[in-house]
Amino acid sequence: MAIIIDGKQISADIRAEVAVEVEKMKTDHGLTPGLAVVLVGEDPASQVYVRNKESACHEVGFNSFKYELPADTTQEKLMQLVDELNCRDDVHGILVQLPLPKHLDSSLVLLAIDPNKDVDGFHPVNVGRLAVGQATLPPCTPAGCVELLKRSGAELEGANAVIVGRSNIVGKPAALLLLSENCTVTIAHSKTKDLPGVCRAADILVAAVGIPKMITGDMVGEGATVIDVGINRTAEGLVGDVDFEAASQKARAITPVPGGVGPMTIAMLMKNTLKAAQMR
Ligand code: NDP
């Protein structure tokens, strides 16, 4: 039976580590990291995410600035707010909660954020820095996957890492991060031939697809470490992209859903905001 990687505990450990650094920063430099979160409209899921981010900020000792704009906010108004936040000295991180209402162009908004305050790690400058191996603010979910691997004792150097999914927010950056950890990386996607065979060869298998339980037990190699990024709402509740019961018979270690990758995203957001403040 596999070790269950406890994302809740690891995320709490990271937030506690960030809190210690924040305390030091306040004492040594009189500086408090600040995160601005911008929410446009009233999407209930986004409201929950923003509330959680706000309470994580308070927990680690950050200043938190919340901007709730009406659903009919114009592109110009939103860009104006981003500009103001870019210029503020007390704001070290800016996060615009996605998805935005349909009339707004999110790529223009993300481009407008100062890359050094882009704590989501989505700005092309930060993606480029990641690609060429420069210090950057990495996207939170894939960075959380790497942290889970490291803290659960997975051997990364020389490991065969297979990432299923090539999205810009999870799959691709996860591949770049694992490459920088000296894994031998394969990115699989919907056109990959013999996906089960590719997955079985993985020492580290990251599933970021969005299809409930699509990674079956026979796709997992003996002793692999399995990271399930998927969050799928089904009749049986929240399930991942991995068939947890079957995969845990083969894996060395595996993340559950919920309680695996999910809680890591906010912890890594806190880490990125601290890093952005330190870089300043
Ligand atoms: P996307 O829909 O953007 O990407 C899905 C990827 O899966 C695509 O690259 C697609 O390939 C690939 N894919 C689809 N079907 C198959 C298939 N049959 N075989 C192999 N590959 C396939 O999803 P995201 O990356 O945004 O999210 C993935 C999952 O992670 C979702 O469940 C999402 O909810 C979850 N998620 C969780 C987060 C967290 O905090 N825990 C944060 C972000 C996402 P192709 O490119 O060829 O179409």
Side-chain angles (χ1 to χ4, degrees), residues 5-12 14-15 37 43-46 48-53 56 95-100 106-107 110 119-122 127 130 137-149 152 161-178 185-202 205-216 218-220 226-234 236-244 247 254-272:
I5 303 173
D6 188 347
K8 266 193 190 162
Q9 183 59 53
I10 295 176
S11 147
I14 291 171
R15 294 197 309 272
V37 180
D43 176 57
S46 295
V48 173
Y49 293 141
V50 167
R51 254 201 314 276
N52 290 344
K53 285 165 188 172
L95 185 146
V96 177
Q97 185 65 46
L98 300 178
L100 288 172
S106 56
S107 57
L110 296 182
V119 284
D120 251 343
F122 293 157
V127 178
L130 181 61
L137 297 167
C140 299
T141 301
C145 295
V146 175
E147 207 64 42
L148 286 174
L149 286 165
S152 65
V162 173
I163 295 112
V164 190
R166 56 175 164 179
S167 72
N168 289 333
I169 60 165
V170 189
K172 275 186 217 162
L176 288 169
L177 286 167
L178 288 171
V185 175
T186 303
I187 308 177
H189 46 77
S190 66
K191 307 293 185 289
T192 296
K193 287 182 189 156
D194 184 22
L195 184 66
V198 170
C199 290
R200 263 194 304 274
L205 181 58
V206 179
V209 182
I211 302 178
K213 299 189 182 181
M214 75 146 314
I215 305 292
T216 53
D218 70 327
M219 293 166 85
V220 176
V226 180
I227 304 290
D228 189 352
V229 185
I231 301 179
N232 306 292
R233 286 177 176 82
T234 70
E236 5 165 345
L238 269 196
V239 296
D241 291 344
V242 177
D243 181 344
F244 180 84
I254 186 167
T255 59
V257 176
V261 176
M264 293 299 290
T265 303
I266 284 193
M268 300 314 286
L269 176 67
M270 299 299 110
K271 218 173 160 169
N272 267 354

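Each ligand, and each atom within it, is numbered from 1 in the order the structure gives.
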With N232 via side-chain hydrogen bond (donor to acceptor under 3.5 Å, both in side chains) - residues at least two apart: D241
Closest non-hydrogen protein atom to atom 5 (C) of ligand 1, residue and atom name please, with distance? V209 O, 3.3 Å
Are G171 and ligand 1 in contact, using a heavy-atom cut-off of under 4.0 Å? no
Min heavy-atom dist M264 to ligand 1 below 4.0 Å: no
Run the numbers for me: atoms of ligand 1, each under 4.0 Å from some heavy atom of V261, listed by number. 41 (N)
Decide yes or no on side chain to side chain contact (heavy atoms under 4.5 Å, CB included) for L178 and L149, but give the supporting numbers first. CA-CA 10 Å; L178 288 171; L149 286 165; 3.8 Å; yes
The protein heavy atom nearest to atom 4 (O) of ligand 1 is S167 CB, 3.8 Å
Nearest-contact summary for atom 9 (O) of ligand 1 - protein heavy atom, Å: R166 N, 2.8 Å
Listing request: all salt bridge (Lys or Arg N to Asp or Glu O under 4.0 Å) pairs with a residue in residues 163-175, at least two apart in sequence or in separate chains. none
I'd like to know whether ligand 1 has I211 as a neighbour, heavy-atom separation below 4.0 Å. yes
Under 4.0 Å, heavy atoms only, figure out whether ligand 1 is touched by the backbone of T265, its side chain, both or neither. side chain
Could you tell me which atoms of ligand 1, counted from 1 in the order shown, lie closer than 4.0 angstrom to a heavy atom of L195? 19 (N), 20 (C)
Among all the protein's non-hydrogen atoms, which is closest to atom 34 (O) of ligand 1, and how far away is it? I231 O, 3.4 Å
Could you check atom 42 (C) of ligand 1 against the protein and tell me its nearest heavy-atom contact, residue, atom and distance included? T141 OG1, 3.4 Å
